[in-house]
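The structure under discussion appears below in the form of structure tokens.
Chain A is the first sequence line, chain B the second, and so forth, proteins listed ahead of strands; every chain is numbered from 1.
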Protein chains: 2
Amino acid sequence: MTDRLGDVRDGGLTERAIRTQGDILEVATAEFAANGFAGARVDEIAARTRTTKRMIYYYFGSKQGLYLAVLERVYAQIRQVERGIQVDEMTPDEALRTLAEATYDHHTTHEEFIQLVSIENIHRAEHLRQSETILRENATAITLLEEVIERGVREGIFRGDVDAVDVHMIISAYACFHVANRHTFAAIFDRDLLEPARQDAHRRLIGDLVVATMTDRSRSGGNGSTGRVG
Amino acid sequence: MTDRLGDVRDGGLTERAIRTQGDILEVATAEFAANGFAGARVDEIAARTRTTKRMIYYYFGSKQGLYLAVLERVYAQIRQVERGIQVDEMTPDEALRTLAEATYDHHTTHEEFIQLVSIENIHRAEHLRQSETILRENATAITLLEEVIERGVREGIFRGDVDAVDVHMIISAYACFHVANRHTFAAIFDRDLLEPARQDAHRRLIGDLVVATMTDRSRSGGNGSTGRVG
DNA sequence: TCCCGAACGTACTAGTTAGTACAGACCTAT
DNA sequence: ATAGGTCTGTACTAACTAGTACGTTCGGGA
């Protein structure tokens with residue numbers, strides 16, 4: 001009660017209220033990411049905020065409501081990063097490499113996001129499907145990739161049977177794995193995928209991987225115009 | 001009590017006991033994979049077996065003991081698959097493609113294994129690290145890959161700065177993602193990664209991807225003898 | 001100055017869940 | 001046949017946890 005301010009209004013919410021909600025969301029993000037939905041404890045979240053459990057229910061209604069708010073927050077953050085990427089002036093392969101590295105950098109520095117995505121998949125995306133914002137806004141991440149790939153195919157340097165969603169999947173798979181399966185991988189193969197000393201090599205590798213795949217001329221069967229994925 | 005047999009002994013365990021334990025493990029695998037460790041209910045597992053909760057505690061001691069038994073069981077299964085792979089007669093790139101496709105096929109047909117690995121990572125592999133068997137036996141999966149890659153590098157067709165563990169990571173990442181992130185991916189991008197119609201294309205793609213990456217001659221900087229990963 | 005609603009804190013409850021006490025059935029060996 | 005260990009079922013409990021009832025404080029507008 002020492003830092004109470006002269007509550008200035010802002011869209012129906014007190015400044016203090018906004019800070020309280022932000023405080024709760026930050027702590028809740030860590031708690032859900034670390035323990036899963038069922039494993040997370042509302043009491044534990046409350047204890048680690050400046051406020052009380054009462055407030056969590058006051059602002060978010062239920063444990064599930066809080067979880068959904070956490071999910072929307074982390075998905076909004078990745079949208080923010082994606083919007084900041086500029087690849088207009090680059091050649092298609094340079095652009096592809098840049099996009100891959102940006103995704104790699106985001107995921108490896110946002111462990112909580114990846115953990116929450118894992119958790120959400122355990123629950124078959126049943127919460128995520130309730131969020132129109134995420135479904136509507138986060139699919140647009142593909143647009144940029146589509147332009148780059150279309151350009152590369154038109155210029156004849158990219159294969160034509162792998163589309164933007166496929167490429168996004170490849171990049172995401174690589175970047176997610178480093179974070180999501182870090183612990184079992186380290187336990188079994190004794191190699192920490194996020195070790196700082198390896199970061200640069202791993203970043204280069206995802207670039208190599210996606211460019212090599214898209215520019216590959218020696219692959220098994222078919223070519224740019226046949227055997228389209230899907 | 002209708003199907004009671006004349007309990008024949010086998011290594012200290014009744015035949016009936018073995019069947020009971022197997023029954024519990026099978027049901028528990030599904031329950032843990034579907035709901036996570038905290039979300040899984042011992043009562044629910046008991047209700048879906050032919051036996052009772054009492055037996056779960058009799059054989060496995062605790063919820064955690066049961067979970068560990070489940071984990072060991074699914075890891076033992078993947079070891080079994082890995083042991084069955086033969087690549088001696090193949091060229092290194094054929095062998096690599098075969099190994100990648102086998103991993104892809106295993107993971108896409110063993111959803112529960114992937115889910116349990118995800119769950120275990122949420123818990124920072126703290127249960128897995130307790131299992132000496134998994135740590136000792138499952139690391140040997142790399143051996144086969146090591147031979148193939150060494151052969152490819154010696155023949156001058158593979159790059160030399162990516163080792164067996166890196167390649168295993170690439171293959172696992174791709175194969176895991178299809179299963180682990182299936183639901184969020186489908187929700188956002190409206191594409192089911194496990195749709196049967198796409199299976200062949202996706203299997204071919206992981207082969208292309210890993211072979212293209214390893215045989216890539218046009219990559220960013222360095223070559224086979226410099227900039228080694230790690 | 002005093003009313004009103006937003007924001008907040010404490011103490012509680014109803015329901016759930018991991019784990020157990022106790023009793024009994026079954027098989028094998030002697 | 002009977003002792004003793006393995007195996008099984010029922011009914012219970014102690015502890016935990018999401019959610020709430022109720023009261024209080026605060027700032028701003030009339």
Sorted by chain and residue number, the side chain to side chain donor-acceptor pair (under 3.5 Å) partners of B:Ser118 (sequence neighbours excluded) come out as none
- prompt: Side-chain donor or acceptor of B:Lys53 under 3.5 Å from a matching atom on the base of C:dG19?
  reply: yes
To the nearest angstrom, the CG-C1' distance between B:Asp23 and D:dC7 comes to 15 Å
Next item on the list: Taking the side chain as every heavy atom from C-beta outward, state whether A:Phe60 and A:Leu25 have any atom pair closer than 4.5 Å.
Entry: yes
A:Met55 atom CE is separated from D:dC26 atom C1', nearest whole Å, by 13 Å
When rounded to whole Å, the OH to C1' distance for the pair A:Tyr59 and C:dG5 reads 13 Å
Between CD of B:Gln21 and P of D:dT8 the distance, given in whole Å, is 9 Å
With a 4.5 Å limit on heavy-atom distance, are the side chains of A:Phe113 and A:His106 in contact? yes
- Message: Please verify the inter-ring angle class for B:His202 with B:Tyr104; under 30° counts as parallel, over 60° as perpendicular, anything in between as tilted.
- Response: perpendicular
Note to self: Measuring to OP1 and OP2 of D:dG9, would you say a side-chain N or O of B:Thr51 lies under 4.0 angstrom away?
What the structure shows: yes
Between B:Arg54 and A:Phe37, whichever has its closest DNA chain D nucleotide further toward 5' is B:Arg54
Taking the basic N atoms (NZ, or NE/NH1/NH2) and the acidic carboxylate oxygens, is any pair closer than 4.0 Å for A:Arg191 and B:Asp163? yes
Looking only at C:dA7, D:dG9, D:dA18, the nucleotide nearest the A:Ala17 side chain is C:dA7
Taken to the nearest whole Å, CZ/B:Arg41 to P/C:dG15 is 17 Å
Residues B:Arg73, B:Glu112: salt bridge by 4.0 Å N-O rule: no
Query raised in the report: Heavy atoms under 4.0 Å, any strand shown: does A:Ala40 hit a base, just sugar-phosphate, or nothing?
Result: sugar-phosphate
note: A:Asp43, atom CG; C:dT13, atom P; distance rounded to Å ~ 16 Å
If you compare every side-chain N and O of A:Thr20 against the phosphate oxygens of C:dC8 (OP1, OP2), does one of them come in below 4.0 Å?
yes
Are side-chain heavy atoms of B:Thr103 and B:Tyr174 found at a separation under 4.5 Å?
-> no
Within residues 61-74 of chain B, the residues having a heavy atom closer than 4.0 Å to DNA chain C are B:Ser62, B:Lys63
Side-chain N,O (B:Thr52) to OP1/OP2 (D:dG9) below 4.0 Å | yes
A:Tyr58 OH to D:dC22 P, in whole Å, measures 18 Å
In whole angstroms, the gap separating C1' of C:dA18 from CZ of B:Phe32 amounts to 11 Å
